[in-house]
Amino acid sequence: MSEFTRLPDLALRTLGGSVVAANDESFAERECLIRPGRPGFQAETFGAKGQVYDGWETRRRREPGHDWALVRLGLPGVIRGVVIDTAWFKGNYPPHASVEAAAVEGYPSVAELQAADWVEIVPKSDIKGDAEHCFEVSDERRYTHVRLNMFPDGGIARLRVHGEVRPDLSLYDGLGLDLAALENGGLVTACSNEFYSSPNNAIAPGLARHQAEGWETARRRDDGNDWLTIRLAGAGVVKLAEIDTTNLLFNAPGWVSLTGIDASGEEFGLLPKTRLQPDTPHRFRIENPRAATHVRVDIYPDGGLARVRLHGLLSQD
């Protein structure tokens with residue numbers, strides 16, 4: 001897979017994405033496009049509309065035109081790449097597809113979205129059946145919606161829109177926020193180990209339902225420890241840290257520490273090495289008034305974290 005797939009999927013349903021409209025979904029519903037996980041399939045599973053597919057599938061066209069679906073990004077941002085996945089669609093996939101993007105603030109209706117100024121970020125391209133197609137995007141603009149076009153009809157299992165989150169933080173002027181949250185623009189920029197799951201899971205919205213929705217490392221066989229570095233939504237002062245080991249019963253870390261890093265790269269302590277319990281949300285007051293741009297989370301010696309929340313105030317600059 002392309003390097004951009006390491007970035008968050010801005011369209012993912014669990015991150016707030018929604019397929020707000022599609023011109024047709026006769027065989028399989030549009031909502032499948034942004035489901036988490038790999039598409040599933042069970043042969044010879046027939047419903048009233050035919051074989052059941054874990055994807056979006058339209059009827060066979062008998063008139064000119066093409067099919068489309070409108071997706072609201074759960075996390076607006078700069079798109080670095082798109083994956084169009086036709087998994088399991090072998091005789092009913094579209095031969096071509098394209099993707100457009102638009103920036104429409106607020107809460108637009110479908111009609112308002114259709115009238116928006118759309119920019120082509122993936123030109124009409126050949127695609128194959130039962131395959132993942134990766135398309136890099138070179139566009140520094142911030143987008144809130146994408147439109148998937150398939151020519152002329154058929155089925156697409158998943159649409160992944162990977163990029164960097166660019167929220168409107170002006171809403172939080174004078175208010176506290178989670179400086180680490182993915183939805184606020186936080187991002188894990190470095191990590192010692194991500195054997196079992198992505199470190200960005202630790203700053204995802206909501207609660208982890210099971211171990212795979214957190215960050216978990218392999219077992220260490222040396223004297224070191226595992227860690228991750230979070231680029232905060234902006235320079236800010238951390239007031240409260242939440243370290244959640246929920247669902248981690250026998251693989252939680254024994255201890256955790258937090259280190260702030262300022263704009264010059266200088267490090268300073270936020271939380272000393274502190275004992276953790278398994279399957280437990282922990283909350284710690286932070287007394288250091290220095291502003292950080294990044295925070296390193298060290299776990300000892302290894303294990304996993306369900307969520308990391310770093311509540312605080314953005315700096316005035």
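Values below: all heavy atoms of this structure, side chains included; hydrogens, waters and symmetry mates excluded.
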Report summary line: side-chain contact (heavy atoms from CB on, under 4.5 Å) with Val161: of Val137, Leu73, Val99, Val83, only one passes, and it is Leu73

Answer yes or no: are there more than 12 heavy-atom neighbours, outside [X] itself, under 6.0 Å from its atom [atom1]?
{"X": "Trp118", "atom1": "CH2", "result": "yes"}
{"X": "Arg61", "atom1": "CZ", "result": "yes"}
{"X": "Leu207", "atom1": "CG", "result": "no"}
{"X": "Asp222", "atom1": "CG", "result": "yes"}
{"X": "Phe135", "atom1": "CZ", "result": "yes"}

Within the structure provided, determine whether [X] and [Y] are in side-chain contact (heavy-atom separation under 4.5 Å).
{"X": "Thr259", "Y": "Val295", "result": "no"}
{"X": "Val297", "Y": "Ile230", "result": "yes"}
{"X": "Ile286", "Y": "Leu310", "result": "no"}
{"X": "Ser18", "Y": "Arg13", "result": "yes"}
{"X": "Thr144", "Y": "Pro108", "result": "no"}
{"X": "Leu177", "Y": "Leu175", "result": "no"}
{"X": "Tyr300", "Y": "Pro253", "result": "no"}
{"X": "Leu179", "Y": "Val238", "result": "yes"}

I'd like to know if the side chain of [X] and the backbone of [Y] have a donor-acceptor N/O pair within less than 3.5 Å.
{"X": "Asp67", "Y": "Met150", "result": "no"}
{"X": "Arg307", "Y": "Gly206", "result": "yes"}
{"X": "Trp56", "Y": "Asp24", "result": "yes"}
{"X": "His294", "Y": "Ala292", "result": "no"}
{"X": "Ser198", "Y": "Asn200", "result": "yes"}
{"X": "Ser109", "Y": "Glu112", "result": "yes"}
{"X": "Thr86", "Y": "Ala131", "result": "yes"}
{"X": "Glu25", "Y": "Arg30", "result": "yes"}
{"X": "Arg80", "Y": "Glu3", "result": "no"}
{"X": "Thr246", "Y": "Ala306", "result": "no"}

Do [X] and [Y] sit in one hydrophobic cluster, given that two such residues count as connected whenever their side-chain heavy atoms are within less than 4.5 Å of each other, even indirectly?
{"X": "Leu258", "Y": "Leu228", "answer": "yes"}
{"X": "Leu70", "Y": "Ile156", "answer": "no"}
{"X": "Leu159", "Y": "Val19", "answer": "yes"}
{"X": "Leu248", "Y": "Val256", "answer": "no"}

Once you round to the nearest 0.5 Å, how far does [atom1] of [X] lie from [atom2] of [Y]?
{"X": "Phe195", "Y": "Trp215", "atom1": "CZ", "atom2": "CH2", "value": "14.5 Å"}
{"X": "Ile121", "Y": "Ile79", "atom1": "CD1", "atom2": "CD1", "value": "4.0 Å"}
{"X": "Leu7", "Y": "Ser2", "atom1": "CG", "atom2": "OG", "value": "11.0 Å"}
{"X": "Arg147", "Y": "Leu113", "atom1": "CZ", "atom2": "CG", "value": "9.0 Å"}
{"X": "Leu12", "Y": "Ile34", "atom1": "CG", "atom2": "CD1", "value": "7.5 Å"}
{"X": "Arg38", "Y": "Asp85", "atom1": "CZ", "atom2": "CG", "value": "5.0 Å"}

Nearest atoms (heavy-atom pairs only) where [X] meets [Y]:
{"X": "Pro123", "Y": "Ser98", "value": "C-CB, 3.8 Å"}
{"X": "Val110", "Y": "Ala21", "value": "CG1-CB, 3.8 Å"}
{"X": "Pro152", "Y": "Gly65", "value": "CB-O, 3.9 Å"}
{"X": "Leu182", "Y": "Pro8", "value": "CD1-CG, 3.5 Å"}
{"X": "Ile84", "Y": "Ala97", "value": "CD1-CB, 3.9 Å"}
{"X": "Ala102", "Y": "Ala116", "value": "CB-CB, 4.3 Å"}

Determine, for [X] against [Y], whether the closest basic-nitrogen to carboxylate-oxygen distance falls under 4.0 angstrom.
{"X": "Asp9", "Y": "Arg160", "answer": "yes"}
{"X": "Arg220", "Y": "Asp226", "answer": "yes"}
{"X": "Asp54", "Y": "Arg158", "answer": "yes"}
{"X": "Arg309", "Y": "Asp244", "answer": "no"}
{"X": "Arg142", "Y": "Glu164", "answer": "no"}
{"X": "Arg59", "Y": "Asp153", "answer": "no"}

Report task. Check step by step if side-chain contact (heavy atoms from CB on, under 4.5 Å) holds for Asp262 and Thr293. Result -> CA-CA 5 Å; Asp262 66 18; Thr293 60; 5.7 Å; no

Requested in this report: Could you check Asn149 against His66 for side-chain hydrogen bond (donor to acceptor under 3.5 Å, both in side chains), going step by step and ending with a plain yes or no?
Outcome: CA-CA 7 Å; Asn149 302 299; His66 70 276; 3.3 Å; yes

Requested in this report: Walk me through it: do Val237 and Arg290 pass the test side-chain contact (heavy atoms from CB on, under 4.5 Å)?
Outcome: CA-CA 6 Å; Val237 177; Arg290 292 180 61 177; over 6 Å; no

Query raised in the report: Taking Glu216 as the fixed residue, which of Asn193, Asn251, Asn201 is the one that meets the side-chain hydrogen bond (donor to acceptor under 3.5 Å, both in side chains) rule?
Result: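 Among the candidates, only Asn251 passes.
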
Report task. Check the pair Asp302 / Asn225 against side-chain contact (heavy atoms from CB on, under 4.5 Å), numbers first and verdict last. Result -> CA-CA 6 Å; Asp302 55 28; Asn225 72 280; over 6 Å; no

Only distances under 3.5 Å count here; give the side-chain donor-acceptor pairs of residues 267-282 to other protein atoms, sequence neighbours excluded, each with its distance to 0.1 Å.
from   : atom 1 : to     : atom 2 : distance (Å)
Glu267 : OE2    : Arg296 : NH1    : 3.1
Thr274 : OG1    : Pro272 : O      : 2.6
Asp279 : OD1    : Asn247 : N      : 2.8
Thr280 : OG1    : Pro278 : O      : 2.6
His282 : ND1    : Ile243 : O      : 2.9
His282 : ND1    : Thr280 : O      : 2.9
His282 : NE2    : Gln277 : N      : 2.9

Report task. Report the C-alpha separation of Ser192 and Trp227 in whole Å, then their side-chain angles, then the decisive distance to 0.1 Å, and conclude whether the side-chain contact (heavy atoms from CB on, under 4.5 Å) test is met. Result -> CA-CA 5 Å; Ser192 63; Trp227 53 268; 3.4 Å; yes

Query - Aromatic ring proximity His96/Phe151, centre distance under 6.0 Å - result: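 Here the rings of Phe151 and His96 have centres that are no less than 6.0 Å from each other.
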
